[in-house]
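Encoded as structure tokens, the structure appears first; notes follow it.
The sequence lines fix the lettering, A, B, ..., with proteins before strands; numbering per chain opens at 1.
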Amino acid sequence: MKPAPFELHRPTTLGEALAILGRVCDEGGLVLAGGQSLVPMMALRVVYPPHLVDINGIEPLSRIAVEDGLLTVGATVRHAAFHRPVVDGPLGHLLAEVSRHIAHYPIRKRGTFCGSLSHADPASEWCLVAKTLGARIHLASLEGGRVLEADAFFVGAMTTAREPAEIVVEARLPVMPGAATFGFSEFNRRAGDFALGMSLVTFEIVDGVVVDPRIGIGGIEEMPRRLPRVEAMLADRRVTDTEPAALAAAACEEVDPMEDATTTADYRRHLAGVVVARAVGAAVARQARKD
Amino acid sequence: MQPLRPTRYIGKSVTRLEDRPLLTGAARFVADLDFPHQLHMRVVRSAHAHGRILGITTTEASALPGVVAVWTAADLGDLPPIPIRATAIQGLPPYRQPILARGRVRYVGEPVAVVFAESAYGAEDAADLVVADIEPLEPYLDVCRAPAEFAPGLTSEPTIIRKGYGDVDAAFQRAHAMVALDLSVGRHSAIPMETRGALARHDRARDVLELHGAAKRPHWNRDQLAEMLSMSPARIELYENHVGGGFGVRGEIYPEDVLVCVGARRLGRPVKWIEDRREHLLSANQSREQHHRIRAAVDAEGRFLAIDETLLHDQGAYVRTHGARVADMTIGLLLGPYRVPNYRAVAHYRLTNKTPAATYRAPGRFEGSFVRERLIDAIAQRLDLDPLEVRRRNLIGSAEMPYVRGLTALETEVILDSGDYAGLLEKALVWSGWQAMSRQAAARRAAGEAVGVGFGMFVEKSGLGPSEMVHLTVHADGTVEVVTGASSLGQGMETAIAQIAADTLGVDYRSIRVLHGNTNRIAFGFGAHASRVTVMTGEATRRAAEAVRAKALAFASELLQRDAAALDVVDGTVVAREGGGPSITLGQLAAQLAPASGSRGDREPGLAGTAWFHSKHMNYPYGVHMAQVAVDRETGGVKVERYCVAYDVGRAVNPAMIEGQIVGGLAQGLGGALLEEFLYSEDGQPLSVTFADYLTLTAREMPPVAVLITEDAPSPLNPLGLKGAGEGGVNAAGAAIASAIDDALQVAGLVARLPATPQYIRSRLRELEGGAA
Ligand SMILES: Cc1cc2nc3c(=O)[nH]c(=O)nc-3n(C[C@H](O)[C@H](O)[C@H](O)COP(=O)(O)OP(=O)(O)OC[C@H]3O[C@@H](n4cnc5c(N)ncnc54)[C@H](O)[C@@H]3O)c2cc1C
């Protein structure tokens, strides 16, 4: 569990970082952010990057700010930065609650939001947040920049649309309306483990009916995603009009679960229903507390 | 039993002598040691579960700068395979593990080549470049299938062990009822915080081969290494440093231990190998994987008439040092605290293409207790009786002690030496508030939760002989040195031994220094395993201390002109029992007994003594585990809400340390019951080689635990009444958890396999409830 030889680059400006990455990415050079996924993989010799471009010394990338109704999260903002609300309203609370499900404290002090998006683990909480809330991912390279919607950014399990020469410089999340509510439910075998299944739900109640329901699932399929059919069951109705069991059943039906040695597709399918119903329940309960 | 002097330390939770270096970071584990010019060793491991080795190419690896040597089996000459500690079970030697694979690989992780390099990084780089050309063969992975071929003329079932007594068939014929279960326990093992490690050097000045990083059984390992390397045991020294947990796994002879020695001798430089965690999860002994087909014949009251047991034991790829002990002891100790008039057990000991297996804390008993207690629960269910009542009816009575089982385990006759099983059961029920716990669980179930309580009784075994020797020396400054051939895995033996020595001798326990595990300090030793050290070394220490005390009193009586019977040793000083008058310290006596001392007379020099303790029999502590769990019906997740362990240890030398043993053991037991499992794919690839996949219990999953330590049944086999405490915390955890989950879900017999993962519980619910996921 000792990594193969590599060269470590520690640029202090984005331009410098992009230049180095542009030079080394063809031979497998990688960006090093929090290192909480990359370094263990190097130690296990699952990956052999001959160069690492450490972006932690690039001051502007640690930015976290709210502008034009968007929360901007720079590339070196850590998971732990969200332990306390970073923005007023439900979004700050949502991120705070979700952040506590990511790994363990020491890992959260180091791992980054954008690193999680770049890594694209099927059970990443931040990827679920990005998909459910509709994050935009800002990429930079020597050729310039581009912005991808979360739907376009995530391509598959551990794969994104990011080109090897690109750096994710920040992600932007729409700030949720003050009246919105959310619920999150995750099941894993031990505290801090990757989720076996999780769901994030947000909606608003306008004139007694559900508006803009978003129901995301993670850990179930190769990528987190929203479940439009389940969302449609909630939309424009009173929340009490939809039975949790019916939502659960619909979620089970809508998903196409992964299977592995410990967990069958059937188990995950069932779990999808459980976490969706629980997340909706939590959102309703949260709404009730506010009312 | 001779009357004992009043004790000052035995029975008290005095603070551990060994903690200061551990807590201040001064401790020295083998990874902390370095010798000048040392080389680093890296083992190249098989990526195939089963295959024929067509060739191994090392040229590229050898050419890497900093690489000193790369060896395959061909370079090792006729180095013998890993030895087996002999038992009566025959036929095992052809199945021993070669130091490096020869001809075939038989599990993923098997050493096929070894690299020696200037740095650990360089060694790992070179290991990556070794190419083993392997023609895959069909792996044999499921012991429930008929054995396969191990090698031409050898099946993968090296032995079948049979035990029993009475007429089982007749008992089944006249039985009121019969209960049959099919149960299994998943493969899991010890995950010590410190992985294995070894550092060997050939000290040319003394012509001695030193091996640092020894643990558990230094003397046996020394002798075996001597034989394998054709050396005199007098030319090999094993050094035990601090050891970060053993649990049965650390300190056995593995290929790596032999390789560092061969490397150091041949290359003329020290060789260091530190196992990484992935290697540990691939190559250290695994344990527990068993299938049981068990049947019980009972009368109308639920009393056992007979048990008929078939064990299919998954040994993994080779027979290692433990031989067939775990299978043997599983069926030898299966019956626990119950009276079973007729018994027949057959253990099929089968090799599979997985990491070799051996002992892990409470070997055979974690599994056996799960099986036996499941069986009792099933009997209670079948006859509609209270499970506690069924247990009570079957418990061996204290008046029946010592109870001869008519079985053997670990090469000893199983004779339950002492015990009041029913007494402990009743005590435990009252102490834990069992009635209230059950009532509350029922009330919460009525309110819709899935909460349940479960129970497991067990008999442990401890104090395995055959012998232990202790040298005890009082130095002129009053420090007492106790040298034992037993070893320390971090369990606190230094403190326990010091307490016993201090009370016997009449000194402060802090003035005692316990030295262990170093073969150059003592000629014999049997190590630390099988909860034996406090019993075996403890009694040898007591005897040595008695002898030294007698010598001190006799000499002091002459110097002080008092009758020896009128003297006592208090705090290291010989004083008159009535008080007053002259006194002399043990240190002063030691000085006067120095070889050149004029006052010594004809006495043997030194205030020192040596004593042996021999024991042909193990002793048998016992206990009760009680669990309260809440099951999430929808996810299958289990939360252990509360746990109680009552344990009779005969004589509690240090209650806090015993509690520590129990709670620590329980963490491992709960891990095995709920979380931990080494899984293999259909082609024999191990799937649990990181901590993301092999889930140990963490502080978050650990419930609050209450421990009741009793001393109702001291062992008659040693004067202090000592029994061991190392394994009782693990023993019945699987049993109690399984029972509690059944109770929570109100489905008898739901848990038929451990670990009871959420996925497993969901699939069982579906199976039993018929469909509705
Ligand atoms: C024990 C443990 C438990 C964990 N549990 C969880 C969990 O429950 N949930 C969860 O979501 N995560 C979990 N993680 C992963 C953790 O959250 C990581 O921090 C995260 O996956 C990656 O972020 P990082 O900043 O550490 O990225 P790194 O490890 O530095 O990088 C990961 C990958 O992304 C690339 N990358 C990173 N940042 C950028 C960027 N800005 N631009 C381009 N490429 C980039 C790297 O090149 C690399 O390929 C766990 C990790 C551990 C060790």
#### Entry: Shortest non-hydrogen separation from B:L674 to A:R189 and the atoms involved
O-NH2, 3.1 Å
### Query
Do A:Y267 side-chain atoms and B:Y760 backbone N/O form a donor-acceptor pair below 3.5 Å?
no
### Residue-level contacts of residues 117-125 of chain B with chain A, using a heavy-atom cutoff under 4.5 Å
B:A120, B:Y121, B:E124, B:D125
### Summary
Honestly, the part of B:S688 sitting under 4.5 Å from a heavy atom of chain A is neither
### chain B contact via A:R45 - which portion, at a heavy-atom distance below 4.5 Å
side chain
### Summary
The interface call for A:P40 against chain B, heavy-atom contacts under 4.5 Å, is neither
### Message
Let's test your reading of the structure: which of B:L675, B:V689, B:V638 forms the most heavy-atom pairs below 4.5 Å with chain A?
### Response
B:L675
### Message
Heavy-atom pairs under 4.5 Å with chain B - which of A:G273, A:G192, A:P3, A:C252 has more of them than the others?
### Response
A:P3
### Message
Using heavy-atom distances under 4.5 Å, tell me whether A:A43 contacts chain B through its side chain, its backbone, both, or neither.
### Response
backbone
### Task
Enter the distance from B:T635:OG1 to A:R278:CZ here, rounded to the nearest 0.5 Å.
5.5 Å
#### Entry: Residue B:E682 excluded, over 12 heavy atoms near CD under 6.0 Å
no
### Proximal component of B:S681, with respect to chain A [non-hydrogen, under 4.5 Å]
neither
### B:R42, part contacting chain A, at a heavy-atom distance under 4.5 Å
side chain
### Task
Identify the heavy atoms of A:F187 and B:G637 that sit nearest to each other, and give their distance.
CZ-CA, 3.7 Å
### Task
Using a 4.5 Å cut-off on heavy atoms from C-beta on, say whether the side chain of A:R190 contacts that of B:T696.
yes
### Most contacts with chain A, counted as non-hydrogen pairs under 4.5 angstrom, among B:R700, B:R278, B:E634, B:R277
B:E634
### Task
Give a yes or no on this: more than 12 heavy atoms of other residues, nucleotides or ligands lie within 6.0 Å of atom CD of B:E60.
no
### Task
Answer with side chain, backbone, both or neither: which region of B:F691 has an atom nearer than 4.5 Å to a non-hydrogen atom of chain A?
backbone
### Message
Just so I know, are the side chains of A:L271 and B:R762 near enough to count as touching, which here means a heavy-atom distance under 4.5 Å?
### Response
no
#### Entry: Region of B:D693 that comes under 4.5 Å of a non-hydrogen atom in chain A
neither
### Task
Side chain from CB out, backbone as N, CA, C, O: work out which of these in B:L679 comes under 4.5 Å of a heavy atom of chain A, or both, or neither.
side chain
### Query
In terms of heavy-atom proximity below 4.5 Å to chain A, should B:Q759 be classed as side chain, backbone, both, or neither?
both
### Residue part contacting chain B, namely of A:T262, when any heavy atom lies under 4.5 Å
both
### Contact origin within A:R268 toward chain B - heavy atom pairs under 4.5 Å
neither
### Task
Measure B:L687 against the heavy atoms of chain A and call it side chain, backbone, both or neither at under 4.5 Å.
side chain
